[in-house]
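Here is the structure we will look at.
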Amino acid sequence: MEHQHQHHHEHPETLPPSSTPTCCKCGGPTAMAAPPPSSSPPPVYRPIRAPAINLPPDNNSQQAIILAPVPQAKPVPPISPPFHFQPPSKIIQSPDDLRRFHDSDSGKHFLGFVVALSESIRSKKISDPCHVSPVTASIVSILETLIQWVDQIPPTQQAARYGNVSYRVWHDRLVQNSPDLMLKFFPPHLEPSTVEIVPYLTDSFGNPSRIDYGTGHETNFAAWLYCLARMDLIKQEDYPAVVARVFVKYLELMRKLQLVYCLEPAGSHGVWGLDDYHFLPFIFGSSQLIDHKYIKPKSIHNDDILENFSKEYMYISAVAFVKKVKKGPFSEHSPLLDDISGVPNWNKVNSGMLKMYKVEVLEKVPIMQHFLFGWLIKWE
């Protein structure tokens, strides 16, 4: 830029008072406003929503995944009276906070619950018979209601590709009705818990202001299920149905929300993620396929298998969805999934997915800064 301000060539006595701004280049007075004095560098710019990152995953993360032990299943510790339900809050703000969470009983038991769900569906098809408790049936019914609302709230005609504003109407209805939907299957002594667990549910389907969805919201849904397990509403014998009935129905709802309201991927890793929105279907889905007679990790390149088995296996369904919404060669738009298809067996895929979930989701501040802590999932 040109150095254009007007200099005053007056006698020193008639110079403007020292409060007049001076030029940062020559020291002369100027009509431009002075920048505020600062003794520290400007703060690091933090976008409201992390932009899509199309860089390869950093080597530190890859090393962390390779070196990490495979997470192990843990029983969920049940609560006992007196109950101290409380509105949950967001606490994690730094890597130190994350370390504290993962070293705590809360962190270990939550991850152990996800692993236990994964183990419960091992070598099972979605259609296999399983024990469905009244609570499990009620949760599926709630999710079916939320799916019906999407049909009742059509998308608005708008120019923007992502983020249809009708999603906010759907989400408002969710927030208004969640306590009543939940109380349908809560025994009276647990009704006070809604103050704590309703926020987990309402934050499980995306963000209404940004109209986006990502693995943090998916993790909140898992946390909501974990809270129900702590209250003994979900028992260990319910786990296969929690995956094959509840989580499958949740996925059906989320795919519908993503397609109808064009939810933006929250902090997507672009081509270097598994899927722009989800992680858990790859964990549960790889467990389902362990010891399968003829579907191998490389079978995802076979379109006949994708077509014929996507209703029975979550992993197949997730890959089919990625192929449906992304154009071009699979190895270009999904290099990570393409790499994983070269792993020799599903056991290795599943243990790798569990390690990756811990490192890439549960150990990432931008995701876990939205995680909620109350009395059921304590900050310790």
Side-chain angles (χ1 to χ4, degrees), residues 76 79 83 85-91 106 110 113-114 117 133-150 153 167-187 190-234 238-239 241-243 245-258 261 263 266 277-281 361 367-378:
V76 174
I79 56 168
F83 303 141
F85 301 118
Q86 62 187 68
S89 56
K90 299 175 183 182
I91 292 177
S106 292
F110 173 64
F113 172 67
V114 172
L117 289 179
S133 71
V135 167
T136 309
S138 295
I139 298 169
V140 172
S141 169
I142 287 171
L143 293 168
E144 281 169 346
T145 300
L146 302 186
I147 289 170
Q148 288 163 11
W149 291 354
V150 181
I153 303 166
Y167 171 73
R168 292 180 180 145
V169 181
W170 181 90
H171 200 277
D172 281 348
R173 195 184 285 189
L174 166 74
V175 171
Q176 287 161 17
N177 290 278
S178 283
D180 291 338
L181 289 171
M182 246 182 259
L183 288 172
K184 285 179 183 173
F185 66 88
F186 275 32
L190 289 175
E191 286 179 5
S193 70
T194 54
V195 67
E196 180 161 342
I197 71 166
V198 163
Y200 286 99
L201 185 70
T202 55
D203 208 12
S204 293
F205 307 98
N207 180 288
S209 58
R210 296 190 302 270
I211 314 185
D212 67 3
Y213 174 88
T215 47
H217 301 109
E218 182 187 65
T219 297
N220 270 335
F221 187 70
W224 181 67
L225 295 172
Y226 175 75
C227 289
L228 297 180
R230 286 217 65 199
M231 295 190 289
D232 208 32
L233 290 170
I234 289 174
D238 298 321
Y239 288 7
V242 167
V243 179
R245 303 290 178 268
V246 172
F247 193 77
V248 166
K249 187 60 70 175
Y250 169 74
L251 270 181
E252 182 190 331
L253 167 61
M254 284 321 310
R255 297 303 193 196
K256 186 158 187 159
L257 288 169
Q258 287 150 18
Y261 301 128
L263 301 188
Y277 301 103
H278 290 285
F279 201 112
L280 293 176
V361 177
I367 296 171
M368 294 301 288
Q369 66 186 353
H370 303 293
F371 195 75
L372 297 166
F373 293 90
W375 181 66
L376 292 163
I377 301 179
K378 287 189 180 74

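The chain is numbered in sequence order, starting from 1.
For Tyr250 and Phe247, the ring centers are positioned less than 6.0 Å apart. Ring centroids of Tyr213 and Tyr167 are separated by 6.0 Å or more, keeping the two rings apart.
Cys227 is listed as a side-chain neighbour of Tyr200, based on a closest heavy-atom distance under 4.5 Å. Residues His171 and Val175 meet the side-chain proximity criterion, which asks for heavy atoms closer than 4.5 Å. The side-chain heavy atoms of Tyr261 and Gln258, taken from C-beta on, include no pair separated by under 4.5 Å. Using a 4.5 Å cut-off on side-chain heavy atoms (C-beta onward), Lys249 and Glu144 make contact. Counting heavy atoms from C-beta outward, Val195 and Trp375 have side chains that stay 4.5 Å or more apart.
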Between Glu252 and Leu143, does a side-chain contact (heavy atoms from CB on, under 4.5 Å) hold up when you go through it step by step? CA-CA 9 Å; Glu252 182 190 331; Leu143 293 168; over 6 Å; no

Please lay out, stage by stage, how Leu253 and Trp149 fare under the test side-chain contact (heavy atoms from CB on, under 4.5 Å). CA-CA 10 Å; Leu253 167 61; Trp149 291 354; over 6 Å; no

Can you check side-chain contact (heavy atoms from CB on, under 4.5 Å) on His278 and Thr215, steps first, answer last? CA-CA 5 Å; His278 290 285; Thr215 47; 5.8 Å; no

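For the pair Leu376 and Tyr226, the tightest heavy-atom approach, listed with the atom from each and the gap, is O-CE2, 4.4 Å. When all heavy atoms of Asn207 and His217 are compared, the pair lying nearest together is N-NE2, 3.6 Å. Across every non-hydrogen atom of Arg230 and Val76, the tightest pair is CG-CG1, 3.5 Å. For the pair Phe279 and Glu218, the tightest heavy-atom approach, listed with the atom from each and the gap, is N-OE1, 3.0 Å.
The salt bridge (Lys or Arg N to Asp or Glu O under 4.0 Å) test applied to Lys256 returns Asp151, not counting sequence neighbours. The side chain to side chain contact (heavy atoms under 4.5 Å, CB included) search around Asp238 returns His131, Ser133, Thr136, Ile234, Lys235, Val242, not counting sequence neighbours. Applying the side chain to side chain contact (heavy atoms under 4.5 Å, CB included) criterion to Thr194, with sequence neighbours excluded, gives Leu183, Phe186, Val198. Partners of Asp172 by side chain to side chain contact (heavy atoms under 4.5 Å, CB included), not counting sequence neighbours, listed by chain and number: Gln176. Residues meeting the side chain to side chain contact (heavy atoms under 4.5 Å, CB included) test with Pro187, sequence neighbours left out: His189, Leu190, Leu233. With sequence neighbours excluded, the residues satisfying salt bridge (Lys or Arg N to Asp or Glu O under 4.0 Å) with Arg255 are Asp275.
To the nearest 0.5 angstrom, Ile91 atom CD1 is 11.0 Å from Met368 atom CE. The line from CG of Leu146 to OG of Ser204 is 10.0 Å long, rounded to the nearest 0.5 Å. Between Lys184 atom NZ and Thr145 atom OG1 the span is 5.5 Å, to the nearest 0.5 Å. Note that OG1 of Thr219 and CG of Leu280 are 6.0 Å apart. Values are rounded to the nearest 0.5 Å. In this structure, the separation between CG on Leu201 and CD1 on Ile197 is 8.0 Å, given to the nearest 0.5 Å. The distance from the CG atom of Leu257 to the CE atom of Met254 is 4.5 Å, given to the nearest 0.5 Å.
Using bins of under 30°, 30° to 60° and over 60° for the plane-to-plane angle, the ring pair Phe110/Phe371 lands in the tilted bin.
The main-chain N or O of Lys378 is found under 3.5 Å from a side-chain atom of Ser106 such that the two form a donor-acceptor pair. Looking only at distances, a side-chain donor or acceptor of Glu196 sits under 3.5 Å from a matching main-chain atom of Gln86. Between the side chain of Tyr277 and the main chain of Leu263, a donor-acceptor pair closer than 3.5 Å is present. At distances below 3.5 Å, not a single donor-acceptor pair connects side-chain atoms of Asp203 with backbone N or O atoms of Pro199.
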